[in-house]
Amino acid sequence: MPSAPCIALVDCNSFYVSCERVFNPNLAGKPVVVLSNNDGCIVARSPEAKALGIPMGSPYHKHKATLQNAGAIALSSNYELYGDMSHRVYDVLFASVPEVEIYSIDECFLDLTGFAHLGTDGLMEFCANLREKVLRWTGIPTGIGIASTKVLSKVANQVAKKSVGGVAELLTDELRDRLLANLAIEDIWGINRRLGVRLRSHGIATAANLRDAPEALIKQIMGIVGVRIMYELRGLSCLPLEAIAPSQKHMICSRSFGQPITTMAQMHESISHHAARAAAKLRHRKLRTSVLGVFLTTNRFQPNDPQYSNSVTISLPTATNSSQVLIRYAKFCMTSIFRDGFSYKKCGVSLNDLSSVDAVQLDFLAPAVDRHDEKLMEVMDSLNKRYGSGTIRFASEGMKQDWKMRSDMRSPRYTTRWDELLVVKAN
DNA sequence: TCTGGGGTCCTAGGACCC
DNA sequence: TCTGGGGTCCTAGGACCC
C-alpha cells in the first residue's frame with residue numbers, strides 16, 4: 001500500500017537580501033531592502049527592515065526617509081546574482097531528493113513520500129540536515145515546512161520561519177487543527193485580500209473555517225480553485241507535485257523607462273532591445289514563438305498627463321527564435337501603434353504559442369529555416385555567455401540607450417562576471 | 001522627482017459546427 | 001404556429017503567485 005503523500009516546502013529567507021549578504025558582510029544585522037527594476041518598489045526586506053514596518057511591494061520613495069533614518073541600506077536588484085544563487089541552492093537539493101518541483105526563484109517543493117519510513121522525527125532531522133547543508137554550501141538560510149499537501153506545507157513553512165531550527169511539520173492532526181484555527185484566511189496560499197474580503201462576508205475568517213465550509217458555497221465564491229484549497233487544508237492532496245516542469249506557454253519582456261520617452265526612434269530602440277532579449281531567452285530555453293505582441297503605455301500614475309496605451313498582436317509566418325526576425329516584426333508593430341504627443345513610461349514584447357525547437361510545424365508556403373541566421377545567433381549567444389550579456393548586440397537596440405532603467409545601487413554580479421568577482425584583501 | 005516584471009490558471013462569452 | 005441542443009475552440013479579463 002502506498003504511503004500518504006509527504007511534501008516539504010523549502011523557502012529561502014528574504015532571498016534577495018540573503019544573496020547580497022553572502023558577499024557583503026557589512027549588511028549583516030542592518031535593515032536592508034532590495035528594490036524592483038527601475039528602483040521602484042521594495043521587493044525584499046531583511047528581518048530588521050520588516051521590523052521597521054516596511055511593507056512588501058510598496059513604492060520605495062514612500063519609505064525612503066524611514067529607511068534612511070534607521071541607517072538602512074537599499075540596493076537595486078541584481079537578478080543575475082539571484083538567478084545564479086538560486087541554481088546553487090537547487091543543485092544541493094537535487095543531489096539529496098529525487099523529486100523536486102521548482103516553484104519560483106526562491107521556493108521549491110520536495111516529494112518526501114518515499115522517506116515516510118523515517119517517521120516524523122526522522123523527517124524533521126532529514127530536513128534539518130538538508131537546511132544545514134544548503135546554508136553551509138551556498139550561504140543561503142531557508143525554512144522548511146513538512147505536511148501532507150502543498151497548501152499545508154506552506155502553512156508549515158510559515159511556522160518554520162518563526163522557529164529556532166527553521167524546520168516545522170504539520171503532520172499530526174492535533175497540531176494542524178490548532179494552527180488552522182488561528183490562521184487568518186488571507187494567510188493561506190492562493191487567497192489574497194480581495195478573496196479574503198469575500199470569504200469573510202460569508203463568515204469564513206480562518207483556515208479552519210475554510211476547511212470546514214460547505215463545498216457548494218466555496219465553489220460559488222471561488223470556483224474550482226477554492227475547492228482545491230479546501231481539500232488541501234483537509235489533508236487531501238489536489239495539487240500534485242510536478243517534478244517535470246510543464247512547457248512554458250507565454251513570455252513577456254518589458255521594462256519601464258528610466259525617464260519618460262517621446263520619440264519613435266527611442267521606442268524603436270527599446271522595443272528592439274526587448275525583442276532581442278526575448279529571442280535570446282527563447283533560444284536558451286529551446287523554444288520558438290509564432291505569435292508576437294507589442295505594447296506601450298504612458299504613466300498611469302500621472303493621471304493629469306495625456307494617457308495612451310495600445311497593443312498589437314501578429315501571427316508570424318514560421319515559428320522562430322531569431323533576434324533579427326523578432327526585431328523586424330516588433331519594430332513594424334511598434335510603428336503601427338506609436339502616436340506622437342505622449343510621454344511614454346513602458347513598452348514590451350509578449351510572445352505566445354511557444355513551441356519546442358524540436359517540434360516545429362512546417363508549412364509548404366512558409367519560408368525555409370534560415371541556417372545562416374541560426375549560426376549567427378549561436379555565435380552571438382556564445383559570445384554573450386562568455387563575456388557577459390550585452391557584449392554583442394544589434395545596432396537597432398541603440399548605443400546610448402538613454403531609456404534604460406535606473407539601477408543606481410546594484411551590487412557586483414559576483415558569480416557571473418569575471419570582472420566583478422569578489423576581491424579579498426589579506427594583510 | 002520617485003509606483004516592477006514575469007508567470008499561471010480559470011471563467012465567461014462569442015463564433016462556429018453538426 | 002413553430003424557432004434545439006450540445007459540443008469545441010478561442011480570447012479577454014480576472015484572480016492569484018513570487
Side-chain angles (χ1 to χ4, degrees), chain A residues 9-16 33-45 55-65 67-68 74 76-79 82-83 86 101-109 150-151 154 157 185-199 219-229 238-240 242 245-260 274 277-278 281-282 285 287 291 293 295 297-303 305 311 313 315 343 345-354 404-410:
Chain A
L9 173 67
V10 183
D11 189 325
C12 302
N13 301 347
S14 314
F15 181 56
Y16 299 166
V33 296
V34 175
L35 308 177
S36 63
N37 284 311
N38 237 357
D39 296 341
C41 293
I42 293 164
V43 293
R45 306 154 296 158
M56 177 71 175
S58 184
Y60 172 51
H61 68 86
K62 282 189 183 170
H63 307 281
K64 201 169 177 178
L67 287 164
Q68 278 176 345
S76 303
S77 44
N78 185 346
Y79 285 103
Y82 312 148
S86 173
E101 175 188 332
I102 295 179
Y103 179 69
S104 74
I105 194 164
D106 70 340
E107 260 180 66
C108 69
F109 293 101
K150 282 184 170 177
V151 169
K154 281 285 225 183
N157 192 274
I185 194 84
E186 299 83 3
D187 292 339
I188 302 170
W189 189 40
I191 298 175
N192 81 350
R193 230 187 60 249
R194 200 181 319 235
L195 271 174
V197 169
R198 290 185 59 196
L199 287 165
K219 177 85 199 282
Q220 182 209 319
I221 302 171
M222 298 178 65
I224 191 70
V225 179
V227 176
R228 282 188 198 130
I229 295 174
C238 302
L239 305 169
E242 295 183 42
S247 64
Q248 189 178 358
K249 290 163 182 136
H250 181 82
M251 182 186 291
I252 294 175
C253 282
S254 70
R255 283 282 182 281
S256 299
F257 306 123
Q259 49 196 5
H274 296 319
R277 274 205 306 139
K281 255 199 243 183
L282 284 176
R285 298 176 193 181
L287 293 170
V291 175
F295 63 90
T297 180
T298 50
N299 190 348
R300 65 195 161 93
F301 294 108
Q302 301 283 334
D305 292 355
S311 66
T313 302
S315 289
S343 222
K345 175 69 180 167
K346 179 178 181 176
C347 74
V349 158
S350 80
L351 306 179
N352 278 289
D353 207 1
L354 306 187
K404 271 225 153 170
M405 68 172 185
R406 280 186 300 274
S407 182
D408 302 330
M409 302 164 280
R410 187 177 49 69

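By convention in this document, chain letters (A, B, ...) are assigned in the order of the sequence lines, proteins followed by strands, and residues within each chain are numbered from 1.
A/Arg193 places its CZ atom 16 Å from the P atom of C/dG14, with the value rounded to the nearest Å. At whole-Å resolution of the value, CE in A/Met56 and P in B/dT3 are 18 Å apart. Rounded to a whole Å, the CD1 atom of A/Ile188 is 13 Å from the P atom of C/dC18. Here the C1' atom of nucleotide C/dC9 and the CG atom of A/Asp353 are 13 Å apart, to the nearest Å. Counting to the nearest Å, the P atom of B/dG4 and the CZ atom of A/Arg45 are 17 Å from each other. Whole-Å rounding puts the A/Asp106 CG to B/dG6 C1' distance at 14 Å. Computed from coordinates, the A/Leu9 CG to C/dC17 C1' distance equals 13 Å when rounded to whole Å. In this structure, CH2 of A/Trp189 is placed 15 Å from C1' of C/dA15, rounded to the nearest angstrom.
Minimum atom distance to the side chain of A/Cys41 is reached by B/dG4, of the listed B/dG7, B/dG5, B/dG4. Looking at the side chain of A/Lys249, the nearest of the listed nucleotides B/dG4, C/dC17, B/dC9 is B/dC9. Here C/dA15 is the nucleotide among C/dA15, B/dT3, B/dT8 with the atom lying nearest to any side-chain atom of A/Arg194. Between B/dT11, B/dG4, B/dG6, one nucleotide has an atom nearer to the side chain of A/Ile224 than all others, and that is B/dT11. Among the nucleotides B/dG7, B/dC9, B/dG4, the one closest to any side-chain atom of A/Phe301 is B/dG4. Residue A/Val43 has its side chain nearest to B/dG4 when only B/dC10, B/dG4, B/dC2 are considered.
Within 4.0 Å of A/Asp39, counting heavy atoms only, lies no atom of the nucleic acid at all. Within the nucleic acid shown, A/Arg228 comes within 4.0 Å of sugar-phosphate atoms alone, with no base atom in reach, counting heavy atoms only. Across all strands, A/Glu242 comes closer than 4.0 Å to no nucleic acid atom at all (heavy-atom distances). When heavy atoms are screened at a 4.0 angstrom cut-off, A/Tyr60 is found touching no nucleic acid atom at all. When heavy atoms are screened at a 4.0 angstrom cut-off, A/Leu195 is found touching the sugar-phosphate backbone but no base atom. At a threshold of 4.0 angstrom between heavy atoms, the contacts of A/Met222 with the nucleic acid are absent. Nucleic acid contact class of A/Ile105 (heavy atoms, under 4.0 Å, all strands): none. Within the nucleic acid shown, A/Arg198 has no heavy atom closer than 4.0 Å to any nucleic acid atom. Counting non-hydrogen atoms under 4.0 angstrom, A/Tyr79 reaches a base of the nucleic acid. In this structure, A/Lys64 reaches neither bases nor backbone, as no heavy-atom distance under 4.0 Å exists between it and the strands shown.
One finds a side-chain N or O of A/Lys345 lying less than 4.0 angstrom from the OP1 or OP2 phosphate oxygen of B/dT3. In terms of phosphate contacts, A/Lys154 brings a side-chain nitrogen or oxygen within less than 4.0 Å of OP1 or OP2 of C/dC18. The phosphate of B/dG6 has OP1 or OP2 within less than 4.0 Å of a side-chain N or O from A/Ser254. The phosphate of B/dT3 (OP1 or OP2) has no side-chain N or O of A/Lys346 nearer than 4.0 angstrom. Put simply, A/Ser256 has a side-chain N or O that comes within less than 4.0 Å of OP1 or OP2 on B/dG5. Regarding contacts with the backbone of B/dC2, a side-chain N or O of A/Gln302 is found under 4.0 angstrom from either OP1 or OP2. The phosphate of B/dG7 (OP1 or OP2) has a side-chain N or O of A/Arg285 nearer than 4.0 angstrom.
Nucleotides B/dT3 and C/dC18 place their P atoms 24 Å apart, quoted to the nearest Å.
Mapped onto DNA chain B by nearest heavy atom, A/Pro246 and A/Arg255 fall at different nucleotides, with A/Arg255 at the one closer to the 5' end.
Partner assigned to B/dG7 is C/dC16, using Watson-Crick or G-U wobble distances below 3.5 angstrom.
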Please step through salt bridge (charged side-chain N to carboxylate O under 4.0 Å, His left out) for the pair A/Lys154 and A/Glu107, ending with a clear verdict. CA-CA 10 Å; A/Lys154 281 285 225 183; A/Glu107 260 180 66; 2.6 Å; yes

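When only modelled atom types and interatomic distance are considered, A/Ser58 and A/His63 share a side-chain donor-acceptor pair under 3.5 Å. With no hydrogens or angles considered, no side-chain donor-acceptor pair links A/Asp305 and A/Ser343 at under 3.5 Å.
Considering only heavy atoms from C-beta on, A/Leu351 stays 4.5 Å or farther from A/His250 through its side chain. Side-chain contact between A/Trp189 and A/Ile229: absent, with no pair of heavy atoms (C-beta onward) separated by less than 4.5 Å.
Checked by atom type and distance alone, the side chain of A/Ser104 pairs as donor or acceptor with a backbone atom of A/Asp106 at under 3.5 Å.
Expressed to the nearest 0.5 Å, how far OG of A/Ser36 lies from CD1 of A/Ile42 amounts to 9.0 Å.
Under the 6.0 Å distance and 45° angle rule, A/Lys150 counts as a cation-pi partner of A/Phe109.
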